[in-house]
Amino acid sequence: MRIKREQIRVDGLVQGVGFRPFVYRLAQDCKLRGFVNNTSAGALIEIEGSLQQLDAFRQRLTREAPPLANIVNVEHLEISPGCDSAFSIQISKKENRSKTFISPDVTVCDDCLSELFDPGDRRHGYPFINCTNCGPRYTIIKSIPYDRAFTSMNAFQMCEKCSAEYHDPESRRFHAQPNACAECGPQLRLRDSAGRPMETADPITAAISCLKAGKIVALRGIGGFHLAVDAANDAATLRLRQRKGRGQKPFALMAPDLKTIKKLCRVNACEGKALVSLERPIVLLAARSNNTLAPSIAPNNSNLGVMLPYTPLHYLLLKNHFDALVMTSGNFSEEPIAIANDEAMQRLAEIADYFLLHDREILQRCDDSIVRHMDGKTRTIRRSRGYAPKPFWLNKPTDKNILACGGEQKNTIALSRGRAVFLSQHIGDLNNPAALGFFEHSVDHLQHILEIKPQAIAFDLHPEYHATKWALQQKGLPLIGVQHHHAHLAAVMAENNAWQPTIGIILDGTGYGTDGAIWGGEVLVGDARAFQRFAWLEPVALPGGETAIRQPWRIALSCLYQIYGQSLFKLNLPFLQETPRDQLNLIIQMIEKKLNAPLTTSCGRLFDGIAALLNIRKEISYEAQAAIELEMCIAEGVREHYENAISDSEKAGALPVSGIIKALVEDLQRGRPTGEIAALFHNTLVELFLGAAIQAREKTGVKQVGLSGGVFQNRYFFERLCHRLRQNQFKILTHQNAPTNDGGLALGQIVIANAKLQS
Ligand code: ZN
Ligand code: ZN
Ligand code: FE
């Protein structure tokens, strides 16, 4: 029999996912000698045996790989026979080829769960149970390769039993880096708001009692702290809202199982799948009106953000104890979530009554992710835990490693290496100093753990964005400015690997235009290299700038003034009647004198203005509140639109908005129900952009449309525009895994910077 030896390099996400034990068992099965080890590139395997055995191994290697593994590339090389007598798993070896992939954090698996609730199991009730198929990853990694020594589990010495499992290739915990038990692993402690330890042998039961009594408990989790209260307790929820400085923004919930979630919300098959997925995101669901939840969880909001437990601790807290817990991020207002014990006890002292702490350090902050089911697919709204730092795959590599700095709000950054683009987890709004610190930390940390040295930096053109200011301070690397809406267009093209020229309908709140104005209702035609601004929403003044964003009634007034001038006071509109006349006059003065009243083509602001005009929301307490409430009040079954308002419009250049507002004001004065008008507004805007896309197609021959920008989080608008574009034979590109809001911007910045570097 001829004996051969082969070296196999496996690139991709193969560390911390049970890949080496799988290879070990496979090699045993195929009766091969050799070894497997982790390298910074992935895994290196050497196998020796007959041709037939090698063949069998090769075939089964990719076919039977563990579910969490993501194999990107496999290289084979025949080498001369070695001298090993069996197959073994070797200690990790550092390699120079930098191709690392890091697994996201994964929800606790079913095997671990049954042990958790099995009184006969040695880990019964142990809140840090995990195995090769589950548990924390990204948030505990200090550096690569992924080995216990390079994680925050380094601080814990495995007991004999755990160590035996860790070294037993037949065990589910073979090389499970965070492996632990109550004897040797992380422990929980309960403290009061002053940081005093609570005398209790069972911190979980004590925490459950606190929650039952309506107390606010800060919980240390996987990617940071949560603030938890009993979701059935309205007084407790209100207290949390007040202490956290959180106006009306809905709180996220965690419920023990899918059955309970279905009692609280309507859940379709796709939403159910997203809820139980390994990533365990918060899923936005339509609330049932007769649920038992505290009304203050989501005031004026018919949707609820709900997730299933994803750590053993969550299961122990919820199962048999609560229908739902409010699980909101452990921060004050819009700051980044707390991750360290001391930090949390300091920052959250005014909010939490108790702290449930543990001693496994969180090395990387990671918020809960949020998804929403729209137009038949699950769409990511906030991409964090469970998803980051999984890469996006381009079908052609970037020539240079690029760092993209993202936008200002909902900031994420991205790093590219070959075909992979690593989009960071949600970082937050960078005008918050603490979030800016998190941004800088993330830039360093991602470069370090992914071993990517950027050769160019891409940034947004807005001179006031903190990420832009940071980028401009970096010395020695090419700096590439990218227009905001072009980045949105390129992001949706990159996500779909569709590179031919595309009509971009890019609708969002704010983006810096090439003319220095605030854009946000744009129809672009272009590709990753360049774009042309084909059409845009008719500009309207934003009196007070940022203040107008918080007070949409100013935008409504500005729209009316643009159309009616002083005769707007003759209109019989509730929102005008309710606002003091001198306030109205002051705003009109600002517009007249062009005093801090920049013109904007923003679509998000138009939604805000309409919401105020319809008297739905005049001032907001969280981002996009007015637009969200406008969407929620849409009456069902309204098919028509304001045809006359847009029929004769020239659909290149400025897209007329005045006609729509006029029609709407007339309806409003006639006393037509708000819900119907809201529907008509949405429908008309859909037709306006459809018309612009048709005209762009006629002028340029481009048949592909890309949709991007925060406005497309509006399900009604998004689904209807998709539907109408399809009816008109457009090929549509939409976001799914990258957020359509500015959280996806960095992906677009990468591919545009790459195109510019190439030319
Ligand atoms: Zn497990
Ligand atoms: Zn142990
Ligand atoms: Fe944007």
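One-based numbering, in listed order, for ligands and for the atoms of each.
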Inset, instruction - Please note down the angle at the Zn ion (ligand 2) between SG of Cys184 and SG of Cys162, to the nearest 10°. - result: 110°

Legend entry - Salt-bridge criterion met for Glu631 and Arg372 (N-O under 4.0 Å): yes

Legend entry - Glu115 bridged to Arg172 by N-O distance under 4.0 Å: yes

Legend entry - Pair Arg220 + Glu361, salt bridge at N-O below 4.0 Å: yes

Legend entry - At the Zn ion (ligand 1): angle between Cys134 atom SG and Cys131 atom SG, to 10 degrees: 120°

Inset, instruction - Have a look at the Zn ion (ligand 1) and estimate, to 10 degrees, the angle subtended by SG (Cys112) and SG (Cys109). - result: 110°

Legend entry - Lys/Arg N to Asp/Glu carboxylate O, Lys469 vs Glu464, below 4.0 Å: yes

Inset, instruction - Answer yes when Arg529 and Asp527 have at least one side-chain N-carboxylate O distance shorter than 4.0 Å, and no when they do not. - result: yes

Legend entry - Salt-bridge contact Glu279-Lys390 (side-chain N to carboxylate O under 4.0 Å): yes

Inset, instruction - Everything protein-side that's N, O or S and under 2.8 Å from the Fe ion (ligand 3): list it, residue and atom. - result: His484 NE2, His488 NE2, Asp508 OD2, Asp742 OD1

Legend entry - Arg122 and Glu165 ion-paired at < 4.0 Å: yes

